[in-house]
Amino acid sequence: MKFKSDFLNIMNERGFIHQASDLAGLDAKLSEGVCTGYIGYDPTGPSLHVGHLYTIMMLRWFQVCGHRPISLMGGGTALIPDPTLKDKTRPLLTPESIAGNIESIKTVFSKFLTYGDGPTDAVMVNNYDWLGGARYIDFLREVGTHFTINRMLTFESVKMRLDRELPMTFIEFNYMVLQGYDFVELYRRYGTVLQMGGSDQWGNIINGLELGRKMDGAALFALTAPLLTTSSGAKMGKTEGGAVWLNADQCSPYGYWQFWRNTEDADVGRMLKVFTDLPMDEIARLEGLGGAEINEAKKILAFEATRLCHGQEAALAAAETARKVFEEGGVGNDLPVAEVRRADLMGASVADLFVRAGLSASKGEARRLIEGGGARVGDVLVSDPAGQIDGAFLSAGGPIKLSAGKKKHVLVRVIES
RNA sequence: GGAGGGAUGGCGGAGCGGUCAAUCGCACCUGACUGUAAAUCAGGCGUCUUCGGACUACGGAGGUUCAAAUCCUCCUCCCUCCA
């Protein structure tokens, strides 16, 4: 498939397109001139994670192709629990925590998009600006008349609750109305004609699209990206039980680099397409590398992805640390550092040390790690969990490298108090 | 409103008076093999421990018993069928 617009061509060849409302119409619209498009993010946590990055890259390409991206923070909708496909109602977040989350998340966007006042500069908006002060009766009269309950009941998230006779509260039921209204508001304020998002947002996006047509007669478009999974079927962006965060204070550049470095062979090509802006022919070359050579592609993926999120310098440092640690078996500056008080180590066992350093969740776990032959102190295998820590060793000065398994390393720095 | 069924570790799902910290699968962790990959194989997978054990756990609260995840009562929440 070949499009007139650069944006859709890129989306297509890089695997960002899952569903679209009117591809031909959108293509025509995009090739006419500068368009404005948005993606909404709910600030329900202090950081976005790799799962969100997929759609952030869509905004990035949108801007690169000469359009104006809007990152919408759902400061208003986050006050309303999104009806989950799970059985339970999400807990209500406080306005304070949402405001804090927004501040924390904002910093990430500026890494990927260029904000400003120019025609294709990105804009950051918060739907609390229009939802927060909305007057109930007015809103119902203006917007509520366009939603039929009949239709709302057919939505998957609603249907599932009702089918299982689980409670769905009225506040949750309102979520889709508010989110749909965002599209109208952004159309009015910025002439926004396109909403993008993950495939799970399709229903919500279409709601907004139809609302815009009914209320303003607007020709709006929807574009969603497929759910991204690894070849093994796991949801993308989870590692060691936790999400891979985009904020540096929640996931260090080195940890981020490692996440990408550990991509499965079969996924390297797709990840390069989605999470880097390397040219397609370069990606094709990297993808074609066989056997152990594909490790080079993974390093490039890790570097490029880290560069986008944390900057060139941090990416270089992370790569250098990884080289020292994995290729030389040494120590790198970027390894996580755990500070442990000297007093806490007096008479402590090796197992205690691993717990203090955060490499093991409990002493029992540390014991198993050590007994299983997975623990190293200063690159020396330790086998006795109850073994005492050599005091002289600890006071020798420089930090000591602890390793749990082959990939997890922490530098322990002993502090006095 | 009536009649049944169920709530077990991150998830799924056994157990139905002692031998149950609880079979098994998934997920997760470690080791081997490798390429910081996948697949495979092996081990582990509540907390503490002087490694003898101790403690906390099977929706919640009581009770029966030498002994309960298992039996009884009440409560909460879910599911199915009938109105």
Side-chain angles (χ1 to χ4, degrees), chain A residues 84-89 160-169 229-244 252-272 286-303 305-306 318-332 334-336 347-352 354-377 379 381-388 401-410:
Chain A
T84 62
L85 296 181
K86 296 267 196 165
D87 292 351
K88 291 199 179 66
T89 299
M160 183 172 299
R161 288 280 188 89
L162 295 182
D163 285 351
R164 310 192 56 189
E165 295 183 33
L166 293 168
M168 161 166 274
T169 59
T229 56
T230 67
S231 296
S232 347
K235 235 186 199 170
M236 172 76 197
K238 301 275 183 187
T239 182
E240 282 139 39
V244 179
S252 71
Y254 170 74
Y256 195 75
W257 194 96
Q258 280 298 323
F259 168 74
W260 296 105
R261 176 62 182 78
N262 284 300
T263 300
E264 295 173 25
D265 283 10
D267 293 327
V268 172
R270 281 195 307 144
M271 298 303 156
L272 282 166
L286 292 171
E287 212 175 355
L289 293 175
E293 283 188 345
I294 200 156
N295 283 324
E296 288 312 307
K298 291 185 191 182
K299 286 182 201 171
I300 290 170
L301 168 64
F303 175 77
T306 307
E320 177 59 12
T321 290
R323 196 186 62 76
K324 282 183 179 159
V325 172
F326 287 94
E327 293 176 23
E328 293 178 4
V331 168
D334 263 21
L335 287 180
S349 65
V350 178
D352 288 322
F354 272 79
V355 175
R356 298 263 181 214
L359 280 174
S360 301
S362 72
K363 203 165 167 182
E365 191 181 302
R367 171 186 307 281
R368 278 177 238 120
L369 175 73
I370 295 164
E371 286 173 345
R376 284 164 197 276
V377 175
D379 288 319
L381 191 70
V382 290
S383 51
D384 179 14
Q388 293 296 296
K401 177 172 145 195
L402 297 192
S403 311
K406 284 179 295 196
K407 296 186 187 176
K408 273 181 289 182
H409 308 279
V410 165

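In this text the structure is predicted, and so the values were computed from the model without any measurement. Order of the sequence lines sets the chain letters (A, B, ...), proteins ahead of strands, with each chain counted from 1.
B:A38 and B:C20: their P atoms are spaced 36 Å apart (whole Å). Nucleotides B:C26 and B:G35 place their C1' atoms 27 Å apart, quoted to the nearest Å. Comparing the same atom, C1', in B:G62 and in B:G10 gives a spacing of 31 Å after rounding to whole Å. Comparing the C1' positions of B:U64 and B:C29 gives an interatomic distance of 43 Å, to the nearest angstrom. Only the C1' atoms considered, B:U19 is 13 Å distant from B:A67, to the nearest whole Å. B:C51 and B:G43 have their P atoms separated by 26 Å, with the value rounded to a whole Å. Comparing the C1' positions of B:A14 and B:C24 gives an interatomic distance of 7 Å, to the nearest angstrom. For the C1' atoms, the distance from B:A68 to B:A83 is 38 Å, rounded to whole Å.
As judged by a 4.0 angstrom heavy-atom cut-off over every strand, A:Lys298 is placed among the base-contacting residues. Across all strands shown, A:Arg261 has heavy atoms under 4.0 Å from base atoms, whether or not it also approaches the sugar-phosphate. The residue A:Arg376 sits apart from the nucleic acid: no heavy atom pair falls under 4.0 Å. When heavy atoms are screened at a 4.0 angstrom cut-off, A:Ala375 is found touching no nucleic acid atom at all.
In this structure, the NZ atom of A:Lys324 is 19 Å from the P atom of B:U36, given to the nearest Å. Rounded to whole Å, the distance from CG on A:Leu369 to P on B:C45 is 13 Å. A straight line from NZ of A:Lys299 to C1' of B:U36 spans 9 Å, rounded to a whole angstrom. Remark: P of B:U36 and CE of A:Met271 are 20 Å apart, rounded to the nearest angstrom. Between the CD1 atom of A:Ile294 and the C1' atom of B:G35 there is a distance of 10 Å, given to the nearest Å. If you take CD1 of A:Ile300 and C1' of B:G35, they are 16 Å apart, rounded to a whole angstrom. Whole-Å rounding puts the A:Arg368 CZ to B:G44 P distance at 10 Å. Per the geometry, CD belonging to A:Glu365 stands 20 Å off P belonging to B:G9, to the nearest Å.
At B:G46, none of the side-chain N or O atoms of A:Ser362 fall inside 4.0 Å of OP1 or OP2 (strictly under the cut-off). The side chain of A:Arg367 contributes no N or O atom lying less than 4.0 Å from OP1 or OP2 of B:C29. Considering only side-chain N and O atoms, A:Lys408 lies nowhere under 4.0 angstrom from the phosphate OP1 or OP2 of B:C28.
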query = Can you check side-chain contact (heavy atoms from CB on, under 4.5 Å) on A:Val410 and A:Phe354, steps first, answer last?
reply = CA-CA 10 Å; A:Val410 165; A:Phe354 272 79; over 6 Å; no
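Partner assigned to B:A3 is B:U80, using Watson-Crick or G-U wobble distances below 3.5 angstrom. In this structure, B:A14 forms no base pair with any nucleotide, since neither Watson-Crick nor G-U wobble geometry is met with both distances under 3.5 Å. Under the Watson-Crick or G-U wobble criterion, with both distances below 3.5 Å, B:C41 is paired with B:G31. Judged by Watson-Crick or G-U wobble contacts below 3.5 Å, the nucleotide B:A69 has no partner.
Note that CG of A:Asn295 and CG of A:Asp265 are 7.5 Å apart. Values are rounded to the nearest 0.5 Å.
Across the interface with RNA chain B, nearest-nucleotide mapping of A:Gly373 and A:Thr263 shows A:Gly373 to be the residue nearer the 5′ end. Where A:Gly374 and A:Ala292 meet RNA chain B, the nucleotide closest to each residue was compared, and A:Gly374 sits on the side nearer the 5' end.
Checked against the 6.0 Å centroid criterion, the rings of A:Tyr254 and A:His409 do not qualify as a close aromatic pair.
At a cut-off of 3.5 angstrom, the base of B:U34 holds at least one donor-acceptor pair with the side chain of A:Lys406. Residue-to-nucleotide contacts include a donor-acceptor pair under 3.5 Å from the side chain of A:Gln258 to the base of B:U36.
Here B:G52 is in the syn range [glycosidic angle within 90° of 0].
Residues A:Ala297 and A:Val268 come closest through the heavy atom pair CB-CG1, 3.9 Å. In terms of heavy-atom proximity, A:Ser349 sits nearest to A:Pro385 at CB-O, 3.3 Å.
With distances taken from any side-chain atom of A:Ala322 to the nucleotides B:G35, B:U36, B:C29, the minimum falls on B:U36.
Salt-bridge formation is detected for the pair A:Asp267/A:Arg270: a Lys NZ or Arg NE/NH1/NH2 atom is positioned less than 4.0 Å from an Asp or Glu carboxylate oxygen. Salt bridge annotation for A:Glu296-A:Lys299: present, with a cationic side-chain nitrogen under 4.0 angstrom from a carboxylate oxygen.
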